[in-house]
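Throughout, numbering of the chain's residues begins at 1 and tracks the sequence.
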Amino acid sequence: MPATATDPRTARPRSWWGWGYADAHPDDAECVALGALLPGTLARPLPLPRVAGLSIGDPAATPPASLAHLVTADPEERAAHAMGKAYRDVIRALRGRPGRIPDLVARPTGDQDVADLLDWAGENAVAVIPFGGGSSVVGGVEYRGDAHRAVLSLDLTAMDRVLEIDTTGRAARIQAGALGPVLEGQLRPHGLTLRHFPQSFEFSTLGGWLATRAGGHYATVRTHIDDFVQSLRVVTPAGTGTSWRLPASGAGPSPDRLFLGSEGSLGVITEAWMRLQERPRHKAAASVAFADFHRALDAVRAIAQSDLAPANCRLLDPGEALFSGAAHDGSTVLVLGFESATTRVDARLETALDLARAHGGRGEAPTADRGAGADAAVGAWRSAFLRMPYLRDGLARMGAVVDTFETAATWDRIPALIDAVRAEVGAAALKATGHPATVNCRLTHVYPDGAAPYFTVAVAGRPGDEVQVWDDIKAAASDVLHRHRATVTHHHAVGRDHRPAYDRQRPEPFALALRAAKHALDPHHVLNPGVLLD
């Protein structure tokens, strides 16, 4: 088992082809049971893929002796760095068609290593794909095309230390390769936390969060990693730079904003000063059921436009509620949660429940400062949330096509957007496969002026042709989002899969500036080619 596919804390094997831990995937019997939920899936699951079954040739480039200690050409390492963890990636691995496998994998231990590797790559037409935990679901960590002599996967996970903590200002300087649990483990003894918990928390890094502008734990106010950034250090082929560490600044365009969301195309983020918090001591959670989804949307909007700022405010439509076990009677379910390091939060939860009841919600009033375990629906949702990516991979083994995509739009567009996605994406899936599709929706993040719907599409695929079906569904979804002026992504990044829609969304003068920045910072065009721009 390659080092990159083993949890450094537990030596628990990671899956090279699918989500998470290898021993957490559904077994064959569970795959068959999952497949029974979608008419038309395979009778037996596809076999687990093996690295030995892949065609992995000799590297097309050899680093100089001065860099050899940082680089490996081990086939298992290369396979584990070939793709992310989108459905498209999983089904290609299951079918033995993973695409371009990197020639080499490098693990730098500091900024100078990164700079030296970039210099060598630029001089030798070697594409460099920055790689953290490899959890991208948008084609962000793979190479597509043939414009480069060779491909180097730049794995930053050896750079995983909390280097400095400012307890007075409650901030820390952290290396970008730190996985979520590794980062939090180093902050915990100080009573502090970054408290950024995306679904991929166990399998993603600080640098990955920054490079993709990842969404995290908070459903309101501090929804993205951007909100926690004080300063970035970035290594580019044109040089290394560090922004000043400041609480705020009005000095021109922000240098941090240039690299946040740049997906490794402009430079490699190696460190960041991040704002921290005291660990929360007071938590309260509850769920509210609604008979009508659109009335539930009104309730969520009322809560988002209040000053209550719940940490969790996720709305599950009846399909999502059923799948997660939060409800079995066709109800829409709102999952609410509040937390604080200093004050009790029961009153805030009770006020939010009152707002929900005013819009037809059914929920019990809180009686004590309580955790998520006090509400069965909240606990069921939490468990299902963490298990969902594994179940997706189980469905993929049954030949199902399972896609998720998220967006954001203003409140005046949200109801029509959700209805259109359900109807049009469902129709596109039926046309592509001949099978009816399940299209579910939940709101993951909410704002006073809008919300972020997150959709799940599941349908029996065409055996051997699942990628084309996925592409057809993705195209239909992108068209609906564009027509309703909803963003192509709220927190999953652009990568390569969302490029066509991103090209339509961004203003052309900004695209012109982005191309100029790319040319100035990466003159040989070796950094993650194909993401954001060509």
Side-chain angles (χ1 to χ4, degrees), residues 2-4 8 58-74 77-78 80-82 100-134 140-143 147-164 173-179 182 205-208 210-211 231-243 255 258-259 262-273 517-531:
T4 189
D58 293 333
T62 302
S66 60
L67 299 177
H69 65 291
L70 301 173
V71 176
T72 179
D74 178 80
E77 291 274 17
R78 293 164 63 188
H81 288 76
R100 176 71 179 266
I101 293 174
D103 297 88
L104 301 164
V105 176
R107 282 195 176 79
T109 59
D111 286 4
Q112 190 60 54
D113 290 346
V114 174
D116 291 345
L117 287 162
L118 293 183
D119 286 346
W120 170 73
E123 293 168 359
N124 292 274
V126 175
V128 179
I129 313 297
F131 194 99
V141 294
E142 68 174 281
Y143 181 84
H148 294 80
R149 173 187 170 196
V151 179
L152 173 74
S153 180
L154 188 70
D155 187 318
L156 295 171
T157 53
M159 300 170 62
D160 66 352
R161 290 179 296 138
V162 175
L163 299 171
E164 188 177 351
R173 182 165 65 98
I174 307 169
Q175 289 184 306
L179 291 160
V182 174
T205 62
L206 173 62
L210 296 167
S231 165
L232 295 181
R233 182 168 175 82
V234 184
V235 178
T236 80
T240 299
T242 306
S243 60
L258 178 64
F259 295 103
S262 63
E263 302 188 38
S265 65
L266 302 179
V268 180
I269 298 170
T270 59
E271 292 179 13
W273 272 98
K518 173 71 171 177
H519 182 72
L521 295 172
D522 180 24
H524 297 293
H525 287 247
V526 296
L527 276 173
N528 216 5
V531 300

Could you tell me whether the side chain of [Y] reaches within less than 4.5 Å of the side chain of [X], counting heavy atoms only?
| X | Y | result |
| --- | --- | --- |
| Met159 | Asp111 | yes |
| Thr242 | Ser231 | yes |
| Val126 | Leu117 | no |
| Leu266 | Phe259 | yes |
| His148 | Pro529 | yes |
| Asp116 | Leu67 | yes |
| Ile129 | Pro102 | no |
| Ile269 | Leu156 | no |

Let me confirm one number: the [atom1]-[atom2] distance from [X] to [Y], rounded to the nearest 0.5 Å.
| X | Y | atom1 | atom2 | value |
| --- | --- | --- | --- | --- |
| Asp119 | Gln112 | CG | CD | 8.0 Å |
| Ser153 | Arg78 | OG | CZ | 11.0 Å |
| Trp120 | Thr62 | CH2 | OG1 | 7.5 Å |
| Asp160 | Ile174 | CG | CD1 | 11.0 Å |
| Thr236 | Asp522 | OG1 | CG | 8.0 Å |
| Ile101 | Glu77 | CD1 | CD | 13.0 Å |

Closest non-hydrogen atom pair, [X] against [Y]:
| X | Y | value |
| --- | --- | --- |
| Leu206 | Ala272 | CD2-CB, 4.4 Å |
| Ala121 | Val128 | CB-CG2, 3.4 Å |
| Ala106 | Val71 | CB-CG2, 3.9 Å |
| Asn528 | Gly264 | CB-O, 3.7 Å |
| Asp103 | Ala60 | OD2-N, 2.9 Å |
| Ala61 | Leu104 | O-CD1, 3.6 Å |

Residues Val268, Leu527; criterion side-chain contact (heavy atoms from CB on, under 4.5 Å); working and verdict | CA-CA 9 Å; Val268 180; Leu527 276 173; 4.1 Å; yes

Any donor-acceptor pair under 3.5 Å linking the side chain of Ser243 with the backbone of Leu232?
->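 Looks like yes, one N/O pair under 3.5 Å.
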
Is the CZ atom of Arg100 crowded by more than 12 outside heavy atoms at less than 6.0 Å?
->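 Enclosed.
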
Hey, can you tell me if His519 and His525 have their rings parallel, tilted or perpendicular (30° and 60° cut-offs)?
->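 Taking His525 first and then His519, their aromatic rings sit tilted (interplane angle of 30° to 60°).
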
With side-chain contact (heavy atoms from CB on, under 4.5 Å) as the test, would you mind laying out the steps for Thr157 and Arg107 before giving the verdict?
-> CA-CA 7 Å; Thr157 53; Arg107 282 195 176 79; 4.1 Å; yes

